[in-house]
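Have a look at the structure below, then the notes.
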Amino acid sequence: MYLVNRLVIKIRLPNGRIIEGEKGKRILDVIGYNIGLVARYNCKLVDLSTIMDDEGEIEILDFNDADGKYVFWHTAAHILAHAVKELYPDYKLGIGHPTENGFFYEFYTFEKPFTSEDLSRIEEKMQEIISKNYPIKRIMLSRDKAIELFKNRGEDFKVELLNEMSEEEVSIYEQGSFRDLCRGPHLSSTSIVKHIKLLSVSSTYWKGIEGNPSMQRIYGVAFPEKKMLDDYLKMLEEAKKRDHRFLGPKLEIFDLFEEVAGPGLVYWLPKGALMRRLIEDFLVKIHLKNGYQLVYTPHIARIKLYEISGHIKYYKENMFMFDIENNKYAIKPMNCPGHILIYKSRKRSYKELPLRFFELGTVYRNEKSGVLHGSLRVRGFTQDDGHIFCTPEQLESEILNLIDLTTKIMNAFNFKFSAKLSIRDPMNKEKYMGNDEDWEKAEKALARALELRKIPYTVEEGEAAFYGPKIDIFMTDVLGRKWQLTTIQLDFNLPRRFKAMYVDKDNTEKYTVMIHRAIIGSIERFFGILIEHFGGDFPLWLAPTQAVVLPISESILDYARQIYRKLMDNDVRVELDDRPLTLNKRIRDAELKKIPYVLVVGEREKQSGKIAVRKRKEGNLGTMSIDDFIEIIKKSYPKIE
RNA sequence: GCCGCCGUAGCUCAGUGGUAGAGCACGGGCCUCGUAAGCCCGGGGUCGCGGGUUCAAAUCCCGCCGGCGGCUCCA
């Protein structure tokens with residue numbers, strides 16, 4: 001059946017079925033009330049109550065779709081705001097959004113905090129709003145009408161937002177007596193948000209600007225099914241067990257001793273110190289193999305150095321300073337100025353570029369107390385810091401090499417990654433230093449390297465530093481919070497400040513191009529991510545203890561000692577557990593300590609000259625010769641290439 | 001730094017005005033064991049620190065130190 005003159009509107013349902021739309025009708029009327037949350041109409045997200053009047057395709061999204069989930073949480077945020085306004089009519093609405101794992105809404109509460117009892121009340125009220133099944137309507141108003149509406153309702157913050165908007169017409173969403181300024185889209189009814197849980201309250205400044213009114217922000221989660229909410233809450237509980245702040249001290253990796261030693265300073269316990277050394281050795285070797293030269297720079301310097309670099313001007317707040325014989329000194333917050341001094345130790349020719357310096361450089365920064373977080377954000381940390389000095393022509397191949405080096409290093413830890421490319425704000429080019437041509441070349445070089453190596457990335461306009469564009473790589477912690485590890489930053493600024501030059505072919509002096517780069521970022525932060533990523537079950541090459549020998553009884557101790565000795569002699573990190581405890585108890589201890597292999601030896605093994613091997617989490621693998629076992633350990637180390 | 005919450009044994013926590021408790025861990029003894037907790041006994045705390053209220057403070061109030069969740073900032 002072909003109707004040539006009819007509008008063709010195809011609707012794809014979440015289950016993949018395709019049905020036909022009908023001009024003039026609401027999407028909702030065609031698909032029914034129990035299907036989907038929101039629609040993507042010719043690539044644009046719209047309410048299900050949208051009237052179909054354009055030809056094209058409509059995709060109905062459910063909670064499994066990222067956008068569907070986002071809208072679900074957006075409506076949950078509105079229900080939160082609705083509940084708060086019903087319980088506390090005087091409180092003023094701020095803003096509310098979905099987030100990556102839930103939603104929030106913030107309110108001006110006349111400096112009164114929400115208590116946990118308040119949260120329970122609000123949660124109950126939200127359930128009531130959900131059960132009342134209010135239809136959610138989108139209303140278009142002129143901006144002036146909207147200002148009038150919110151002024152009458154005492155919503156000063158909404159009025160402020162409206163006054164800053166340029167649109168002549170704005171959308172308002174309505175559910176029951178509640179109205180909010182919102183672009184939408186939203187679910188079609190409050191009853192679709194089934195199960196909610198408010199998680200925490202915190203305060204923020206209005207628009208995030210210090211000095212603005214203090215808002216109370218409530219965070220929550222919501223799900224269409226009870227089981228999903230239960231699973232999520234259970235996942236939060238499980239996450240606590242992987243938290244590096246819990247596992248770090250427990251696995252004897254690090255501790256902070258905050259109360260006596262001060263916050264944000266990491267003490268490396270023996271097992272952690274061993275792992276750190278393994279990682280440092282790996283990093284040094286792989287950098288040497290990739291054309292870097294090792295350097296060391298002192299931990300303190302006269303502030304003159306940081307006046308030249310500009311750190312005193314732009315970074316003073318974060319620097320620890322003190323006096324020596326009437327001269328002002330600072331503890332180094334960054335390694336770059338030192339590396340530039342080394343570059344400038346003599347006149348450089350284009351023939352010796354690129355020069356690549358590498359240092360495991362320990363720096364100290366006076367981070368505000370409120371931002372410190374386990375070993376992920378600290379005041380003293382060691383960066384795998386490198387600086388590349390090259391000519392503009394070499395930029396592209398240097399960046400490509402850096403992407404490759406990053407991949408090699410991340411592979412050693414089984415880390416997958418995607419990148420963020422930060423470029424200039426094209427509207428505000430004058431904010432940045434350096435000339436247009438350099439910037440374009442640099443931004444292109446960064447993007448091309450990512451594309452050539454097929455690294456997925458996002459582009460962030462206006463996120464570049466004033467001195468150059470950059471590539472950053474983030475990892476998420478156990479609660480989904482993002483932490484920056486890798487950074488590759490181009491710098492047009494420091495070479496000029498320090499007059500870091502090279503003599504080119506034509507015998508003229510030119511400014512060198514400088515790349516700042518840290519691959520794992522900092523050892524402390526990297527360990528936080530590493531611990532949470534593996535939940536303490538480190539890969540074999542990193543495990544501080546790779547195997548423990550368990551003699552079944554005292555009578556077999558001699559054979560156990562022989563095995564232990566042989567493994568030691570072959571560089572296996574092995575322990576002998578000859579405590580007079582039951583075998584089961586000692587196996588349990590080894591599992592809890594997350595030791596990868598347990599080697600049980602008894603009369604049977606002594607007779608055959610072998611070992612019984614038990615693998616962490618997998619159980620008994622049966623017997624094996626000692627040489628075969630040594631081979632397994634040896635093969636676990638990452639290749640350095 | 002800001003706002004809220006929190007701080008009891010090495011760890012996880014119970015105890016809300018009347019002389020500090022449990023489990024795990026630790027020490028001792030018995031047990032000599034075949035793939036995740038054998039049994040018994042014991043030591044251990046100026047209840048974060050300082051001040052105040054009270055006949056009496058882990059408990060109530062104030063200040064400080066530290067932690068947690070966010071905001072802002074960052075590797």
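Computation of the quantities below employed the complete heavy-atom set of this structure, encompassing side-chain atoms and omitting hydrogens, waters and symmetry-equivalent molecules. By convention in this document, chain letters (A, B, ...) are assigned in the order of the sequence lines, proteins followed by strands, and residues within each chain are numbered from 1. Here the structure is a predicted model, which means the values were calculated and not measured.
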Protein-nucleotides 4-9 of chain B N/O pairs under 3.5 Å:
| from | atom 1 | to | atom 2 | distance (Å) |
| --- | --- | --- | --- | --- |
| B:rG7 | N2 | A:Glu259 | OE2 | 3.4 |

Not counting sequence neighbours, which residues clear ring pair (Phe, Tyr, Trp, His ring centres under 6.0 Å) with A:Tyr232? List them please. A:Phe223
Could you tell me whether the phosphate oxygens of B:rA37, OP1 or OP2, come under 4.0 Å of any side-chain nitrogen or oxygen in A:Asn584? yes
For A:Met215 and B:rU72, what is the distance between atoms CE and P respectively, to the nearest whole Å? 14 Å
With no angle test and no hydrogens, is the base of B:rA36 tied to the side chain of A:Arg616 by a donor-acceptor pair under 3.5 Å? no
Separation of B:rU12 C1' from A:Lys250 NZ (nearest whole Å): 9 Å
Which of residues 466-487 of chain A have a heavy atom under 4.0 Å from RNA chain B? A:Arg481, A:Gln484, A:Leu485
Any protein N or O atoms within reach of nucleotides 22-27 of chain B? Criterion: under 3.5 Å, listing atom names and distances.
| from | atom 1 | to | atom 2 | distance (Å) |
| --- | --- | --- | --- | --- |
| B:rA25 | OP1 | A:Lys585 | NZ | 2.9 |

Heavy-atom contacts under 4.0 Å between residues 593-613 of chain A and RNA chain B, which residues? A:Val600, A:Gly602, A:Glu603, A:Arg604, A:Glu605, A:Ala612
Give a yes or no on whether a salt bridge exists between A:Lys234 and A:Glu238, defined as a side-chain N under 4.0 angstrom from a carboxylate O. no
Would you mind telling me which residue lines up with the more 5' stretch of RNA chain B, A:Arg525 or A:Lys368, judged by nearest nucleotide? A:Lys368
B:rA37 and B:rA20: how far apart are their C1' atoms, nearest whole angstrom? 29 Å
Please report the distance separating the C1' of B:rC60 from the corresponding atom of B:rG17, rounded so that it comes out in whole Å. 8 Å
Tell me whether the OP1 or OP2 atom of B:rC11 has a side-chain N or O from A:Arg245 closer than 4.0 Å. no
Candidates A:Asp577, A:Val548, A:Ile587 - the one meeting side-chain contact (heavy atoms from CB on, under 4.5 Å) with A:Ile595: A:Val548
To the nearest angstrom, the CD-C1' distance between A:Glu554 and B:rU32 comes to 7 Å
P atom, B:rU8 versus B:rC47: distance in rounded Å? 11 Å
Separation of A:Phe110 atom CZ from B:rC3 atom P, in whole Å? 19 Å
Report yes if a donor N or O on one partner sits less than 3.5 Å from an acceptor N or O on the other, where the partners are the side chain of A:Arg377 and the base of B:rC73; otherwise report no. yes
Rounded P spacing from B:rC11 to B:rA25 in Å: 15 Å
Between P of B:rU72 and CD of A:Glu367, the distance in whole Å: 15 Å
For A:Phe107 and B:rC3, give me the distance from atom CZ to atom P, rounded to whole Å. 20 Å
Roughly, in whole Å, what's the span from CD1 in A:Ile587 to P in B:rA37? 9 Å
Of A:Ser553 and A:Tyr219, the one whose nearest nucleotide on RNA chain B sits closer to the 5' end is A:Ser553
Under the salt bridge (charged side-chain N to carboxylate O under 4.0 Å, His left out) test, residues paired with A:Glu575 that sit two or more places apart: A:Lys271
Would you say a side-chain N or O of A:Arg614 is under 4.0 Å from OP1 or OP2 of B:rA36? yes
Is A:His373 close enough to B:rC74 that one of its side-chain N or O atoms is under 4.0 Å from OP1 or OP2 there? no
Identify whether any heavy atom of A:Pro580 sits under 4.0 Å from a base atom; if not, whether one sits that close to sugar-phosphate; answer base, sugar-phosphate or nothing. base
To the nearest angstrom, how far is A:Glu252 atom CD from B:rG10 atom C1'? 11 Å
